[in-house]
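Here the structure is laid out as structure tokens; the discussion comes afterwards.
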Amino acid sequence: MTAPANPDKARRKPLVLGNWKMNGDVATAEQLLADLLQGERDSPEALAGVELGVFPPYPYIGLAAARLAGSRFSWGAQNVAHFGNGAYTGEVSAAMLRDLACTWVLIGHSERRALFAETNAQLAMKVELAIRDGLLPVVCVGESLAEREALMTESVLAAQIDALCGVLASADQRFVIAYEPVWAIGTGLTASPEQAQQVHAYIRSRLAAGKVPGATGVRILYGGSVKPSNAQALFGQPDVDGGLIGGASLIAADFLSICRAAAQRSIR
Ligand code: PGA
């Protein structure tokens with residue numbers, strides 16, 4: 001047996017996560033969950049070797065937990081409070097998410113940073129609580145179009161990553177990074193595979209520079225207008241370990257097709 005060309009990539013299990021954002025209702029959530037389970041039953045071998053999960057809106061997490069238990073699909077939340085349980089009206093704690101058997105929690109999605117003014121200090125608290133309560137944080141980073149055009153991509157990412165290196169360093173690799181260029185989210189514009197690779201490699205080096213142990217083993221997902229037509233080329237890049245899928249995760253056939261692309265990714 002020959003050794004894989006890229007042993008670091010080979011030991012990072014591909015991961016595809018669907019971020020439903022604030023969409024749907026009980027009926028559409030039921031249907032989507034049923035369609036995902038049907039997809040798994042139809043061709044289990046096509047999904048072998050990939051880790052899969054969905055992020056429903058808070059009110060439908062319990063439903064996802066009930067339907068997806070025992071399947072290949074895990075579930076998580078799109079946000080979490082930066083406080084533990086207590087008098088924080090309207091918030092949802094990491095402990096509550098763990099109680100609903102969530103595996104994952106998104107932290108620092110660009111919509112949270114931009115529309116809800118989440119700060120790096122709050123994000124660090126969220127990561128710390130998530131880890132403490134047994135969740136796997138999926139930390140989202142990415143630059144805006146103006147920042148990319150001003151050649152600031154690396155400095156923006158450096159600031160976002162450096163702010164979290166302290167908490168990530170003690171996480172024992174129990175976290176995932178999602179690179180989501182803001183200009184590619186929901187716009188139909190996708191980073192080219194080469195652009196994604198360049199940034200993913202940079203993120204990995206920045207984690208190492210920030211003294212996060214085992215950076216070569218950390219999974220880094222790409223997000224931003226991933227579709228069945230571009231998934232395979234993105235996932236084939238040496239430092240791209242899967243995807244965080246928004247719009248396409250609301251269409252079961254598209255999401256399953258992207259999941260299959262991750263299962264087939266070529267190890268380069
Ligand atoms: P998109 O969203 O796939 O619709 O671009 C990705 C995300 O925001 O997680």
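Note that this is a predicted model, so its numbers are computed, not measured. Every number for a ligand or one of its atoms is a count from 1 in the order of the listing.
- One distance of note links CZ of Phe235 with NZ of Lys9; it measures 9.5 Å at 0.5 Å rounding.
- Taking the ring-ring contact (aromatic ring centres under 6.0 Å, His included) definition, one finds that His200 meets it with Tyr179, sequence neighbours left out.
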Requested in this report: Begin from the C-alpha positions of Asp254 and Ser257 and carry the test side chain to side chain donor-acceptor pair (under 3.5 Å) through to its verdict.
Outcome: CA-CA 5 Å; Asp254 286 0; Ser257 160; over 6 Å; no
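- Legend: residues meeting side-chain contact (heavy atoms from CB on, under 4.5 Å) with Arg206, ordered by chain and number and at least two apart, are Ala158, Ile161, Asp162, Tyr202.
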Quick one: ligand 1 N/O to protein N/O pairs below 3.5 Å?
residue, atom, partner, partner atom, Å
ligand 1, 2 (O), Lys21, NZ, 3.4
ligand 1, 3 (O), Ser225, N, 3.4
ligand 1, 3 (O), Gly246, N, 2.9
ligand 1, 4 (O), Gly247, N, 2.8
ligand 1, 5 (O), Gly186, N, 2.7
ligand 1, 5 (O), Ser225, N, 2.7
ligand 1, 8 (O), Lys21, NZ, 2.7
ligand 1, 8 (O), His109, NE2, 2.7
ligand 1, 9 (O), Asn19, ND2, 3.4
ligand 1, 9 (O), His109, NE2, 3.3
ligand 1, 9 (O), Glu180, OE1, 3.3
ligand 1, 9 (O), Glu180, OE2, 2.8

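- The neighbour count for Glu128 CD, taken as heavy atoms of other residues, nucleotides or ligands under 6.0 Å away, does not exceed 12.
- Listed by first and then second residue, the side-chain hydrogen bond (donor to acceptor under 3.5 Å, both in side chains) pairs that reach into residues 85-94 are Asn85-Ser93, sequence neighbours excluded.
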